[in-house]
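When reading the values below, keep in mind they use all heavy atoms of this one structure, side chains included, and skip hydrogens, waters and symmetry mates.
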Amino acid sequence: MLIMNDPKVKISALVITYNEIGYIERCIESITFTDEIIVVDSYSTDGTFEYLLEHPKVKVIQHPFTNFTSQKSFALSKATHDWVLFLDADEVVSDTLKSEIVDTVESDTAHAAFWFYRKFMFQNETLRYSGWQTDKNYRLFRKSKAKFSDRKIVHETLVVDGKSGIFKEKLVHYCYKNFEDYKSKMLKYGRLKAKEDFFTEKSFNYISLLLKPTWKFFNHYILRLGILDGQKGIIICYLNALSDLERFRELKRLEKKNEMAYCLIMP
């Protein structure tokens with residue numbers, strides 16, 4: 001008797017987490033259509049790990065966090081299948097996007113990776129402007145044709161060997177749960193960006209400290225129409241500018257710490 005192989009193309013879903021309760025539940029439930037879900041958790045303390053451990057479709061691995069690029073590269077190394085759907089913990093795949101993903105990978109596409117536009121959510125309301133309206137990221141790609149660049153440690157960059165496409169349906173991004181949560185994320189991104197600057201030998205200067213956060217707020221709130229998002233726009237644009245401010249503050253601290261260490265070892 002002839003046994004036919006299953007023609008279904010399989011997908012590995014990957015997520016990295018740290019203290020994502022309130023976000024991760026929606027994310028996981030939206031990707032249960034994939035053939036495996038692997039989550040790399042950097043030792044969460046809010047119940048995230050326990051939730052993942054109990055989920056029947058999730059394989060969770062705890063791994064120390066160094067930076068976003070190294071953590072995502074580690075997660076990618078654990079994927080079993082060539083097609084990878086790599087999400088942030090606060091992103092959700094809608095039913096229509098799910099259909100587009102499945103249809104695409106089963107179509108024998110020549111593309112090696114796909115960009116996703118994102119629909120930003122401020123709590124449960126859509127954030128239509130504030131600089132995010134043209135935001136897109138790689139989220140679906142072939143493991144054999146892509147890798148994360150080691151030149152970036154935050155806002156990691158995927159290097160793709162082949163053609164890229166763009167999906168029509170948007171990924172839903174629940175970026176804002178509350179003020180303190182989003183502020184904490186923005187400050188963390190700013191400090192990681194400072195480390196990236198420091199290791200690439202970019203120097204602190206007061207002009208950047210003063211002008212770049214101001215420009216970020218003006219660009220996102222006025223030029224990118226954050227003003228049309230009302231109070232939501234003010235909050236998001238302010239916190240995004242705060243991330244730039246923290247970046248340069250941290251860069252100054254890193255340079256000062258390096259100078260002190262240099263003085264201690266000099267005769």
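Here L210 contributes atom CG and L245 contributes atom CG; the two are 9.0 Å apart, rounded to the nearest 0.5 Å. Atoms CZ and NZ, from R191 and K193 in turn, are 15.5 Å apart once rounded to the nearest 0.5 Å. To the nearest 0.5 Å, atom CZ of residue R26 and atom OH of residue Y23 are 8.5 Å apart. With rounding to the nearest 0.5 Å, the separation of OG in S12 from CD1 in I38 is 5.5 Å. A distance of 10.5 Å separates CD1 of I28 from CD of E20, quoted to the nearest 0.5 Å. Interatomic distance, CZ of R118 versus CG of D90, reported as 7.5 Å (0.5 Å rounding).
You'll find the side chain of F179 reaches within 4.5 Å of the side chain of Y238, heavy atoms only. Two residues are said to be in side-chain contact when any heavy atoms from C-beta on lie closer than 4.5 Å; L158 and S149 fail this criterion. Under the 4.5 Å side-chain criterion, counting only non-hydrogen atoms from C-beta, L171 is not in contact with K119. The shortest side-chain heavy-atom distance between V84 and L140 does not fall under the 4.5 Å cut-off. At least one side-chain heavy atom of L223 sits less than 4.5 Å from a side-chain heavy atom of F218. The closest side-chain heavy-atom distance from L127 to M121 is not below 4.5 Å. Within the 4.5 Å cutoff, side-chain heavy atoms of E180 are placed close to those of K183. Side chains of F114 and S164 form no contact here, defined as non-hydrogen atoms less than 4.5 Å apart.
V9 is connected to F167 through a chain of hydrophobic side-chain contacts under 4.5 Å among Ile, Leu, Val, Met, Phe, Trp and Tyr, so both are in one cluster. Taken together through direct or relayed side-chain contacts under 4.5 Å among Ile, Leu, Val, Met, Phe, Trp and Tyr, I31 and W83 form part of one hydrophobic cluster. Cluster annotation: V39 is not connected to V92 through the hydrophobic network of ILVMFWY side chains, with a link wherever side-chain heavy atoms come within less than 4.5 Å. Tracing side-chain contacts under 4.5 Å through hydrophobic residues (I, L, V, M, F, W, Y), one never reaches L192 starting from Y43; they form parts of separate clusters. Under the 4.5 Å side-chain heavy-atom criterion for ILVMFWY residues, a single connected hydrophobic cluster contains both L242 and Y206.
Looking at K57 and D35, no side-chain N of the basic residue comes within less than 4.0 Å of a carboxylate O on the acidic one, giving no salt bridge. A salt bridge links E246 with R253: at least one charged nitrogen is closer than 4.0 Å to a carboxylate oxygen. In summary, E91 and R139 engage in a salt bridge, as defined by a charged side-chain N under 4.0 Å from a carboxylate O.
Of all non-hydrogen atoms in L251 and A194, the two that sit nearest each other are N-CB, 3.6 Å. Pairing each heavy atom of T109 with each of H111, the nearest pair is OG1-N, 3.1 Å. Across every non-hydrogen atom of A241 and P213, the tightest pair is CB-O, 3.4 Å. Of all the heavy atoms in T17 and A89, the pair that sits closest is CG2-CB, 4.1 Å. In this structure, T48 and D46 approach most closely via the heavy-atom pair OG1-OD1, 2.7 Å. Counting all heavy atoms, side chain and backbone alike, D181 lies closest to N178 at N-OD1, 2.8 Å.
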Derivation and outcome, side-chain contact (heavy atoms from CB on, under 4.5 Å), residues K59 and I37:
CA-CA 6 Å; K59 177 184 178 182; I37 302 173; over 6 Å; no
Apply side-chain hydrogen bond (donor to acceptor under 3.5 Å, both in side chains) to residues D244 and Y189 and explain how you reach the verdict.
CA-CA 9 Å; D244 268 10; Y189 290 150; over 6 Å; no
Using side-chain hydrogen bond (donor to acceptor under 3.5 Å, both in side chains), reason through S144 and D82 one step at a time and then give a plain yes or no.
CA-CA 6 Å; S144 59; D82 192 37; 3.0 Å; yes
Evaluation steps, side-chain hydrogen bond (donor to acceptor under 3.5 Å, both in side chains), between N240 and S243
CA-CA 5 Å; N240 288 346; S243 181; over 6 Å; no
For R128 and D229, run salt bridge (charged side-chain N to carboxylate O under 4.0 Å, His left out): C-alpha distance rounded to whole Å, both residues' side-chain angles, the deciding distance at 0.1 Å, then the answer.
CA-CA 7 Å; R128 301 188 183 280; D229 282 320; over 6 Å; no
Could you walk me through whether R224 and N219 pass the side-chain hydrogen bond (donor to acceptor under 3.5 Å, both in side chains) check?
CA-CA 6 Å; R224 303 300 304 279; N219 182 36; 5.5 Å; no
With side-chain contact (heavy atoms from CB on, under 4.5 Å) as the criterion, how do L85 and T34 come out once you've worked through the C-alpha distance, each side chain's angles and the decisive distance to 0.1 Å?
CA-CA 9 Å; L85 177 65; T34 61; 4.3 Å; yes
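Taking a 6.0 Å sphere around NZ of K185, one finds it holds more than 12 heavy atoms contributed by other residues, nucleotides or ligands. In this structure, D108 places its CG atom where only 12 or fewer heavy-atom neighbours from other residues, nucleotides or ligands lie under 6.0 Å away. The neighbour count for K143 NZ, taken as heavy atoms of other residues, nucleotides or ligands under 6.0 Å away, is above 12.
L228 is linked by a side chain to side chain contact (heavy atoms under 4.5 Å, CB included) to Y129, L225, counting only residues two or more places apart in sequence or in another chain.
The side-chain tip of K177 does not point at the ring of Y182 from less than 6.0 angstrom away and within 45° of straight on. At least one cation-pi condition fails for K232 and Y221: the charged atom is not both under 6.0 angstrom from the six-membered ring centre and inside a 45 degree cone around its axis.
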Review item, side-chain donor-acceptor pairs of residues 64-76, under 3.5 Å, at least two apart:
| from | atom 1 | to | atom 2 | distance (Å) |
| --- | --- | --- | --- | --- |
| N67 | OD1 | T69 | N | 3.1 |
| N67 | OD1 | S70 | N | 2.8 |
| N67 | OD1 | S70 | OG | 3.3 |
| T69 | OG1 | K152 | O | 2.2 |
| S70 | OG | N67 | N | 3.4 |
| S70 | OG | N67 | O | 3.1 |
| Q71 | OE1 | H63 | ND1 | 3.0 |
| Q71 | NE2 | H63 | O | 3.1 |
| K72 | NZ | D88 | OD1 | 3.2 |
| K72 | NZ | E156 | OE2 | 2.7 |
| S73 | OG | T69 | O | 2.9 |

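Exactly one residue among Y176, F122, F120 makes a ring-ring contact (aromatic ring centres under 6.0 Å, His included) with W132. That residue is F120.
At a cut-off of 3.5 Å, with distance as the only test, a side-chain donor of S208 or N205 sits close to an acceptor on the other residue.
F116 and F86 have their aromatic ring centers separated by at least 6.0 angstrom.
With hydrogens and angles disregarded, a donor-acceptor distance shorter than 3.5 Å links the side chain of E36 to the backbone of T80. The backbone N or O of E169 lies less than 3.5 Å from a partner atom in the side chain of E100, making a donor-acceptor pair.
Using bins of under 30°, 30° to 60° and over 60° for the plane-to-plane angle, the ring pair Y51/H55 lands in the perpendicular bin.
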